[in-house]
4 protein chains.
Amino acid sequence: MDAVKGVKGKRLPRAVREEQMMDAAVRTFARRGYRAASMDEIAQLAGVSKPLVYLYLNSKDQLFTACIRREAQALLATVQAAIEPGLSADRQLWAGLTAFFDYTVESPDGWSVLHRQARTHGEPFALEVAAMRDEIVAFVAVLIQAAATEAGAARPEPELAERDMAGLAQALVGAAESLAGWMNDAGTMTAKEAAATLMNFAWVGLGNLLEGERWSARGPQGPAVVGAGEF
Amino acid sequence: MDAVKGVKGKRLPRAVREEQMMDAAVRTFARRGYRAASMDEIAQLAGVSKPLVYLYLNSKDQLFTACIRREAQALLATVQAAIEPGLSADRQLWAGLTAFFDYTVESPDGWSVLHRQARTHGEPFALEVAAMRDEIVAFVAVLIQAAATEAGAARPEPELAERDMAGLAQALVGAAESLAGWMNDAGTMTAKEAAATLMNFAWVGLGNLLEGERWSARGPQGPAVVGAGEF
Amino acid sequence: MDAVKGVKGKRLPRAVREEQMMDAAVRTFARRGYRAASMDEIAQLAGVSKPLVYLYLNSKDQLFTACIRREAQALLATVQAAIEPGLSADRQLWAGLTAFFDYTVESPDGWSVLHRQARTHGEPFALEVAAMRDEIVAFVAVLIQAAATEAGAARPEPELAERDMAGLAQALVGAAESLAGWMNDAGTMTAKEAAATLMNFAWVGLGNLLEGERWSARGPQGPAVVGAGEF
Amino acid sequence: MDAVKGVKGKRLPRAVREEQMMDAAVRTFARRGYRAASMDEIAQLAGVSKPLVYLYLNSKDQLFTACIRREAQALLATVQAAIEPGLSADRQLWAGLTAFFDYTVESPDGWSVLHRQARTHGEPFALEVAAMRDEIVAFVAVLIQAAATEAGAARPEPELAERDMAGLAQALVGAAESLAGWMNDAGTMTAKEAAATLMNFAWVGLGNLLEGERWSARGPQGPAVVGAGEF
DNA sequence: GATGAATGAGGCTTCATTCAT
DNA sequence: AATGAATGAAGCCTCATTCAT
């Protein structure tokens, strides 16, 4: 007869309890929003008493912040793990996008906390998540820069200012966020399909896309034609 | 923190008071979020007593819904007014984007209510704004379709499925939303610059962009090269 | 084209307006209770604006009091009109009971205000209606006294103290009130049947009733046997 | 106006606190009526903070309902405990009436909640208490039925329809309620005197009462003459 | 390590009542 | 004779947070 997880009142190490609480908190914040989520509901969902939540996480604010940090870390880690530095810029982007969409599929509550809740409930939280987002945007900008350099080797007159790079990166990240929401809400696409759609959109551009050009994970010089459903 | 308009205690016709209240509400909801905004604060900002707010707008829920509807209407009207049906698809898109970015600049609180608050505070509100966003997305999809048809006259092998169109439209709208946020928060761009950045991104694609291609408001056969700062 | 009653804003003499307001008030108080009834609802039901209600009836308290007085007066008048002083005590009681049950059938809202609402919402109102009820109880006691005197002529040893008379009268009135409620709520009896049931109960007594005795409007020496349905 | 029991701030087990709250609630509802009673006043009278009342009893509605149920249970239990099934119908009635009047004397607030407040503040509450009252009325009807059977042994022509029984029971219960109110308000009678008055009234009938007949707890064949003050 | 008991503060909503025309 | 505009006061309810064990 061993300790069964979930038995009320069972003494568990602090780390385990904290994890349970954060899980409950992320889920509750995602579904209700920061203000509407009550500490009561979170404690109940975590299977502990309210004072214990306060003992470990101090306050609702700090609990929310902890959730944001944990999920931001998880998202960043997922994306970074997917990228192999040696690859070409577009291949790195492809890998990162796929990882990102995967994260939103596998951790919808975490994604909701980061994308929706943290950004709508006051500066302290918004700044927390903005930092992470900026990190991603900056990385995308670097990728674009890298691609420009790669292209520049062949024909050296790009002239894309810093600010343009930043704008393009913002656009690309926003497109990804929007597609992620659509994909998860409407259920019309898999993560890979979303990534493919976005690569085509971003890399080739609508104008050229309509002319028959396609981006392919196998490289621009490959067999080329790739619909959203093929990779 | 003070009454926006009108001497306290002055009797005004209902329509005027309602407008004042909605203005105050949009501003408060945008800054605090739905839950954190208090009816007290809204009433005070509108320069009236709380009961009057209830007399005219019934409840916090209905007040928020009214705000969403008013702002959604305003955004839609702005965008639709900017589009001239006779133009080519890319010119229509350009016009619509410019109008959209203009709206976000001129009515940042309204945009915050639509983009951030309404989508994070429960189904009834989210659905309200989702309907409007879907309308826009659908219109963008139609534009892409039209562009495909235009292109198809020259080279008849369209091959973009409905779903791909929808996905591209979602991506484009998301990119615009993201750029709007960045533009307003960081103050790095004007509405026109944002629209130009996005047209380049979307129409030409990163890959070709880096090869020196550019989209131009004067049409694809024009002098062509247009940085984000020129039109 | 004459003045049509109910046309909004039509100028009517004060007496008419007051009657409309009191009608609306009685109905609203009966259905909602004193506290739950709102002046708004009453004014709307009366087809006038709230300030007019205040102009004519001063306050919610006074309006309620006015309702109580009007209905108490109506009930008393109805009962008193039914009684012919020359009759024997039991015949007078029969007439009064019939009139009382009729009133509760024809003016259920008035009866509710008197019997339920006025007695449950604080002393000032309760006293108002208690005065009327006491008047009725006292009259019933007089009838019993009269009957005792009639009986005493034959066999002079009644010995019913004042207090006993009063208690019996209270019991009789309470029985009538209870029957009235049952009759109106369950719809199982007409006013006449209720009166007959009560006369049998009160005059003959359960014990003797079960032995076959009956009271009859035609007098105790009549054919005697009268079920609740016959008179 | 002060805490009834317990030092303020003392931690007590839930069951005890709930009892205190219900006591305070019954008292407040009885004196003020459902609507006019404020949760603030109830909490203060119970010597606790308002949130604790909500934590334990959920809402004003549910608190009122709980009060009604508790008092209805108490009344029913008191009456049922007083009745010995083996006795004759009239003796059972006598016992039940005495117990009923005792309850109204000892728990005037409870009686007020049941008889006045619960029946005047909307269906949900009225139905709650109507169920209990109907139970009592039905029991009284059974007693009358039993008495009829007893009487029928001697002279077999019952002839009292179901509906007549029900009407008589309603009348009897109403008479008891009215006497209870008079007894408690005017203070002119004890519970036993009220019960005796009612037994005479109900069992013997006014007509016969005035002829000198009396009901007696010692049985119909006993020395018989019993005034309201003797037993 | 863990919890039952308890509350101060604040938000939504309603209502009787008045003012100015 | 009549009303549209407006509010002070008060009530129900919830919640983050703490205390004592």
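Side chains are part of it too, since the values below use all heavy atoms of this structure and drop only hydrogens, waters and symmetry mates. Note on naming: letters A, B, ... go to the chains in the order of the sequence lines (proteins, then strands), and numbering restarts at 1 for each one.
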Does [N] have OP1 or OP2 sitting under 4.0 Å from an N or O in the side chain of [X]?
X: B:R14; N: F:dA5; value: no
X: B:Y54; N: E:dT13; value: yes
X: C:R17; N: F:dA2; value: yes

Under 3.5 Å donor-acceptor pair, D:K50 side-chain atoms to E:dT7 base atoms: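 No such pair is found, so the answer is no.
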Rounded distance in Å - [atom1] ([X]) to [atom2] ([N]):
X: B:D40; N: F:dA9; atom1: CG; atom2: C1'; value: 13 Å
X: D:I42; N: F:dC12; atom1: CD1; atom2: C1'; value: 11 Å
X: B:Q44; N: F:dG8; atom1: CD; atom2: C1'; value: 15 Å
X: B:E18; N: F:dA6; atom1: CD; atom2: P; value: 11 Å
X: D:R35; N: E:dT13; atom1: CZ; atom2: P; value: 16 Å
X: B:L52; N: E:dC15; atom1: CG; atom2: P; value: 16 Å
X: C:M39; N: F:dA6; atom1: CE; atom2: C1'; value: 17 Å
X: A:R32; N: F:dA16; atom1: CZ; atom2: P; value: 12 Å

Side chain of B:S49 - closest among F:dA6, E:dA5, F:dC12: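 Output: F:dA6.
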Pairwise distance OG1(C:T28) to CG(C:D23) - rounded to 0.5 angstrom: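 Nearest 0.5 Å value for the OG1-CG distance: 10.5 Å.
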Sugar-phosphate, base or nothing in reach of B:A43, heavy atoms under 4.0 Å: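 No contact at all - B:A43 keeps every heavy atom at 4.0 Å or more from the nucleic acid.
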Ring geometry between B:F29 and B:Y34 (parallel below 30°, tilted from 30 to 60°, perpendicular above 60°):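 Because their plane-to-plane angle lies in the 30° to 60° range, the rings of B:Y34 and B:F29 count as tilted.
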D:M132 and D:I68, any side-chain heavy atoms less than 4.5 Å apart: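 No, side chains not in contact.
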Residues D:Q73 and D:R70: side-chain donor-acceptor under 3.5 angstrom: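 On atom types as modelled, these side chains do not qualify, holding no pair under 3.5 Å.
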Quick check: closest heavy atoms across [X] and [Y], and the distance to 0.1 Å?
X: A:R35; Y: B:A36; value: NH1-CB, 3.5 Å
X: D:A25; Y: D:C67; value: CB-SG, 3.6 Å
X: C:G110; Y: C:V26; value: N-CG1, 3.8 Å

Axis-to-axis angle between the two ends of the helix from E:dA2-F:dT21 to E:dT21-F:dA2 (five base pairs per end, rounded to 10 degrees):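 The value is 30°.
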Closest-nucleotide 5' rank along DNA chain F - winner of D:A36 and B:L55: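 First, find each residue's nearest nucleotide; the 5'-ward one identifies B:L55.
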Residue closer to the 5' end of DNA chain F, B:A15 versus B:P51 (nearest nucleotide):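 It is B:A15 whose nearest nucleotide is closer to the 5' end.
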Contact residues, residues 56-66 of chain C to DNA chain E [heavy atom, < 4.0 Å]: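 Close to the strand are C:S59, C:K60.
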Passing option when C:M21 is tested against C:I42, C:L45, C:L52 for side chain to side chain contact (heavy atoms under 4.5 Å, CB included):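 Exactly one pass, corresponding to C:L52.
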Crowding at CD, C:Q44 (>12 non-hydrogen neighbours, <6.0 Å):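 Open.
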Whether D:T65 side chain and D:D61 backbone form a donor-acceptor pair below 3.5 Å: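 The answer is yes, because a donor-acceptor pair under 3.5 Å joins these two groups.
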